[in-house]
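Lettering follows sequence order; numbering is per chain, from 1.
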Amino acid sequence: MNDDTKTATGNDYRDTLFLPKTEFPMRGGLPKAEPKWIARWDEMRLYDRMREDAKKRGAKPFILHDGPPYANGPIHLGTAMNKILKDLVVRGHQMLGYDASYIPGWDCHGLPIEWKVEEEFRAKGRTKDDVPGDEFRRACRAYAEKWIEVQKQGFRRCGVEGDWDHPYLTMNYESEAATVREFLRVAMSGRLVRGSKPIMWSPVERTALAEAEVEYHDRKVPVIWVKFPVQGEDFSVVIWTTTPWTIPANQAVSFNPSISYGLYEVESVMNEEELGFAPFAKPGDKYVLADALAQSVMDSAKVSGFKRLQDVNPEGWTLTHPLHTLSDFYKHPIPMLAGDHVTDDAGTGFVHTAPAHGEDDFLVWIASGHKASDIRDIVNEDGVYEHPDLPDALQGLDIIRTSGKKRGEQGKANPEVMRLLTEAGNLLSRGVTTIRDAHSWRSKAPVIRRATPQWFISMDKPGANGAAPLRELALKALEDTGFTPPSGRNRITSMVADRPDWLISRQRNWGVPITLLVSPDGQPHTYALPEDKANEVNKRILDAIAAEGVEAWFSADAATFLDGIADPAGWEKVTDVLDVWFDSGTTHAFTLRDRGIIDENSGQADVYLEGSDQHRGWFQSSLLECCATRGMAPYKQVVTHGFIVDSEGKKMSKSLGNTVEPEQVANQFGIEILRLWTASSDFTEDLRISDDILKTNAESYRRLRNTLRYLLGALDGYSEAEAVDPADMPGLERWVLHRLAESDALVRKSYETFDYKRIMSAMLNFCGVDLSAIYFDIRKDSLYCDAPSDNRRKAARTVMSLVLERLVTWLAPIMPFTTEEAFLMSQFAGRADSVHLLTFPDTPKSWLDAAHAARWEKIFKVRRVVTGALEVERREKRIGASLEASPEVYIEDKTLIDAFEGESPADLFITSGAKLVHGEGPADAYRLEDTPGVAVVPAKASGVKCARSWKYFDPATADPEFPDITPRDAAAVRELRGAA
RNA sequence: GGGCCGGUAGCUCAGGUGGUUAGAGCGCACGCCUGAUAAGCGUGAGGUCGAUGGUUCAACUCCAUCUCGGCCCA
């Protein structure tokens, strides 16, 4: 202690002061503390207790239905953030007074797991065909279980509260049974269709793939220009394609009537010496090309000179297949089809059309009046040419290699087709290019488009009994759904409006079976049989699955389900499984409805909350499934979050080295820092994270923690008996109550609307400015020095108690660990075993007093000028602590002076004295530009320094018994001695 | 290439229907305190509101184009 702080007598009054006293440490030690709190909550069955308490309160239910993460790997920052966000929603609503239950779930079926398990079998020398279906599915189940456990521990470590002992799993037997039940319900609704259309097909995995199962990569491919001779003319239409293997399946050529076409004649070609090869084009050849592309096609064909002969209109032409010399199979006429998908941006202005192998091709084929049944399907499930009428040269060629070291590379089909085209004289040119093309998500091998029979849920077919088409139902349901952020509605609506039929069949093992029996004439039993018979069959299927699980379907034959209902002769059992999106689309049924949480037919979850990518995923699959079965959305509200990016706004990737792992954050900072980060970010957009950003949040944490600590310290020994009625409190306390009431409204509204960043910024401001910089700083003197019986001190402690009670609950959803720690050390600990069993305390509206608050804003305005003036004194070394000053404050505006009515300006300025004077003040007084009419003349406080409160005072006023302290301090010390 | 969304101080965020010198907290710099002390207080410096063009008396706020980034799709 330096000499300046010594007082005349040197008496030490320190132990007569009421300094903050608490066991609540300044630092949280979160990484170590958090797991202990989780264990404690586990032990006390906190989640169950929350449910029981809510039921006792008669609380209104609030259901956030969990979107299931896929059970095939550890959690990462994105999944952690997703679960933390859900936890904020659930805890926030629980404390708002709702019964906010939360059942976490997992998505378990599907290709990624199946692929992984296949790999494991392969490592043991067993191929997929060696492993019986049931054994394979058991292995998949075990694989999913393993990761579910890992993820569960990860999520729990994040402080996410929920029914972890009873999660939902899409692979639970009752879930699978429910999924079958839901599927049959869709089938009976009349929306199921069997179609054959080009879909993405992976020859490597021998399966159809959905959009969600493919990814796009650059790939080097051959590019060819092919001549299609026009019948009855001496010229050819030229097409361009990067899939030579589809030429044998060509059935048409498309053009666009809005493109201008011309007939071109080759005059000269580049010579063989220059090129090293002879160009295929010959002088005199005549081609039809889009005018915009003629030059580039001629360049590619190494034509050095050409002329345009005339305008042409391709409409109505019939072409000859470029391989027509090869086989009778290619003697068929090739029509010209008009289509908007043809452009003159690239290529030739004509598009070779193989309806079995392209979405556009298929559509233009059907649109021009051709039949789906006339589509030539010459590629089998291995991606190999196979058709009885195919010429021998093509039979058995593979498009993509499906095994060995070169798996995924180009097979024999492309080169052989090019060779045959050359032989036929119809190859104009060839080259190599790079395109972005679909690849299987798992094997990374390219996929092809192939027409196969598949099951679809129709978007546009009216439902049974006159029900509206699914698309119409879904669009209507979206109108009735709330969206956070609002742009989500627009996004999902346009997707639903445009989406094709839902392809739900997969030729795989690990999934819920498509429990259909197909009649001899190709109809599913749900249509082929009369409704009552179909229902009988359905009941038999459901009973079997209820008894033995889905294996009952896989192991049975069609007769098992038909005997006695229909003649099983000629019927076939479908062996496909359902798209996993169908599983996840039914989670509302087996999680919420079957458990009695919402009504079977009319119930809805309050919120579905997922990443914005789920507009095309779970939000949509759930919407479509529920609309098909119940005519409404399964949710009232959809909340979406963005994705985590680094400090530059770039997405996280291992190759960029900018990833952050949840475990690493938990160990370095504590997971609560990640929760703080989640809460303070605008989750509706992308969320930026970096080490610096986490450090900033650790600073915020410190401020919040220290505020709690100061309150706990100041409230040492406090009890309700000390409480002062607000009416008897000083103005400053009533101002704090006003701020508390304002904050209460803000906090409640923000929790209702998921606006956590607003809570964070409000709480940080409240703790940092209102409390720490203003209220605590001013009331420190009263708290430390006033007598225990002093009304001002009691009022301060009353207010602090009210503040603590609120802070600890308002922050509990965001900081469950630290608020629990503070709560259990507070005088409120007796109210409940956990802060999480409380709701936000009622905050009387009467605390709100706008006029009073306005008055205090005036006081703070003057105060800012005073602190500014003192800063100058400090800089000039005339004072150190503000108690060494006693300023004169000149105020022109009478209303500003009136604001101080009944207050002690010196206390508010934390000076030893202060004088307010109505007037302009001397010219050299300190002024602030933005506070005109206020002038401060700083002056050193006179008198001696009180040995107890360190305030300067006139010794002549001292109590004779205590000459070295102020009369206020003397009274306090006397009271203490009397009490002792 | 298409659909949707976004780019405000070093960081996280505020900025109804366009209108005086664009705000807050944190961080930073400097100073104070040493009875909240690996804390607390004060003062201060930081922004061509992604860029350009336009509408307007007036634009961070409206329109267009571009750019960067994100999600989804091709």
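Residue A:Ile689 is the one, among A:Ile689 and A:Gly649, whose nearest nucleotide of RNA chain B lies closer to the 5' end (criterion: closest heavy atom). Of the two residues near RNA chain B, A:Gly768 and A:Phe776, the one whose nearest nucleotide lies more 5' is A:Phe776.
At a cut-off of 3.5 Å, with distance as the only test, no side-chain donor of A:Ser584 or A:Asp107 sits close to an acceptor on the other residue. Using modelled atom types and a 3.5 Å distance limit, the side chains of A:Thr353 and A:Ser254 yield a donor-acceptor pair. A:Ser647 and A:Arg688 share no side-chain donor-acceptor pair at under 3.5 Å. No donor-acceptor contact under 3.5 angstrom links the side chains of A:Glu610 and A:Thr640, judged on distance only.
In B:G44 the base sits anti relative to the sugar, since the glycosidic angle is further than 90° from 0.
Nucleotide B:C71 holds its C1' atom 14 Å from the CD1 atom of A:Ile644, rounded to whole Å. In this entry the distance linking CG of A:Asp646 with P of B:G6 reads 21 Å, nearest Å. Between the CZ atom of A:Phe683 and the C1' atom of B:G70 there is a distance of 16 Å, given to the nearest Å. Between the CD atom of A:Glu873 and the P atom of B:U43 there is a distance of 15 Å, given to the nearest Å. Counting to the nearest Å, the C1' atom of B:C41 and the CD atom of A:Glu871 are 9 Å from each other. Atom P of nucleotide B:C26 and atom CG of A:Leu676 are separated by 14 Å, given to the nearest angstrom. If you measure from atom NZ of A:Lys945 to atom C1' of B:U34, you get 10 Å, rounded to the nearest angstrom. As a whole-Å value, the separation of A:Asp692 CG from B:A9 P is 16 Å.
Here the separation of B:A29 from B:G46, taken at their C1' atoms, is 11 Å to the nearest Å. Comparing the C1' positions of B:A22 and B:A64 gives a spacing of 25 Å, expressed to the nearest Å. Look at the C1' atom in both B:G47 and B:G10: the space between them is 11 Å, to the nearest Å. Comparing B:G7 with B:U52, their C1' atoms sit 16 Å apart, to the nearest whole Å. The separation of B:C71 from B:A38, taken at their P atoms, amounts to 44 Å, rounded to a whole angstrom.
Looking at heavy-atom distances under 4.0 Å, A:Tyr710 makes contact with a base. Contacts of A:Val769 with the nucleic acid, taken as non-hydrogen atoms under 4.0 Å apart, involve only primed sugar atoms and P, OP1 or OP2. Nucleic acid contact for A:Arg491: base, since at least one base atom lies under 4.0 Å from a heavy atom of the residue. Residue A:Gly880 is classed as a sugar-phosphate contact, given heavy-atom separations below 4.0 Å to backbone atoms only. The residue A:Glu685 sits close only to the backbone: its heavy atoms come under 4.0 Å of sugar-phosphate atoms, none of a base. Looking at heavy-atom distances under 4.0 Å, A:Asp682 makes contact with sugar-phosphate atoms alone, never a base. Using a 4.0 Å heavy-atom cutoff across all strands shown, A:Leu17 reaches at least one base atom of the nucleic acid. When heavy atoms are screened at a 4.0 angstrom cut-off, A:Met760 is found touching no nucleic acid atom at all. Counting any heavy atom pair closer than 4.0 Å across all strands shown, A:Ser487 reaches sugar-phosphate atoms only and no base atom.
Proximity note for A:Arg27 (side chain, C-beta onward) versus B:A38, B:G40, B:C11: the nearest is B:A38. Of the candidates B:C41, B:G70, B:C30, B:C41 carries the atom nearest the A:Arg703 side chain, counting heavy atoms from C-beta on. Proximity note for A:Asn706 (side chain, C-beta onward) versus B:C26, B:C71, B:A36: the nearest is B:A36. Comparing B:C41, B:C71, B:C32 by their closest approach to the side chain of A:Arg874 singles out B:C32. When each of B:C71, B:U34, B:C32 is scored by its nearest atom to the side-chain atoms of A:Trp950, the top-ranked nucleotide is B:U34. For A:Lys650, the listed nucleotide lying nearest its side chain is B:G69; candidates were B:C26, B:G69, B:U34. When the nucleotides B:G35, B:A36, B:C5 are ranked by their closest atom to the side chain of A:Leu19, B:G35 comes out on top. Checking B:C71, B:U34, B:G42 against every side-chain atom of A:Asp613, the shortest atom distance belongs to B:C71. With B:C72, B:U12, B:U37 as the choices, the nucleotide that has an atom nearest any side-chain atom of A:Arg616 turns out to be B:C72. Distances from the side chain of A:Asn765 to the nucleotides B:A24, B:G35, B:G40 place B:A24 closest.
Within the structure, a side-chain polar atom (N or O) of A:Lys877 is placed less than 4.0 Å from OP1 or OP2 of B:C32. Within the structure, every side-chain polar atom (N or O) of A:Ser612 is placed at least 4.0 Å from both OP1 and OP2 of B:C72. The phosphate of B:G35 (OP1 or OP2) has a side-chain N or O of A:Arg14 nearer than 4.0 angstrom. Taking 4.0 angstrom as the limit, A:Thr867 places a side-chain polar atom (N or O) nearer than this to OP1 or OP2 of B:U43. In this structure, A:Arg702 reaches the B:A39 phosphate: one of its side-chain N or O atoms is under 4.0 Å from OP1 or OP2. Note on A:Arg709: a side-chain N or O is less than 4.0 Å away from OP1 or OP2 of B:U37. Within the 4.0 Å cut-off from OP1 or OP2 of B:G27, not a single side-chain nitrogen or oxygen of A:Lys695 is found. A close approach under 4.0 Å does occur between a side-chain nitrogen or oxygen of A:Lys757 and OP1 or OP2 of B:A14. When the side-chain nitrogen and oxygen atoms of A:Tyr784 are compared with OP1 and OP2 of B:A36, one or more of them lie within a distance under 4.0 Å.
At a threshold of 4.0 Å, the pair A:Arg793-A:Asp786 does not count as salt-bridged, since none of the basic side-chain nitrogens sits closer than that to a carboxylate oxygen.
Annotation: the span from A:Trp677 atom CH2 to A:Thr696 atom OG1 amounts to 13.0 Å, rounded to 0.5 Å. With rounding to the nearest 0.5 angstrom, the CG atom of A:Leu478 is 8.5 Å from the CD atom of A:Gln620.
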Dot-bracket pairing map - RNA chain B, Watson-Crick plus G-U, both contacts under 3.5 Å, | cross-strand: (((((((..((((.....[...)))).(((((.......))))).....(((((..]....)))))))))))).

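Judged by the 6.0 Å and 45° rule, A:Arg705 forms no cation-pi pair with A:Tyr710.
Every residue was checked against the side chain to side chain donor-acceptor pair (under 3.5 Å) condition with A:Arg491, not counting sequence neighbours, and none meets it.
The side-chain contact (heavy atoms from CB on, under 4.5 Å) test with A:Phe860 singles out one residue from A:Ile774, A:Asp770, A:Leu908, and that residue is A:Ile774.
The base of B:A36 sits with one of its N or O atoms less than 3.5 Å from a complementary donor or acceptor on the side chain of A:Ser772.
For A:Arg450 (side chain) and A:His357 (main-chain N/O), no donor-acceptor pair under 3.5 Å exists by modelled atom type.
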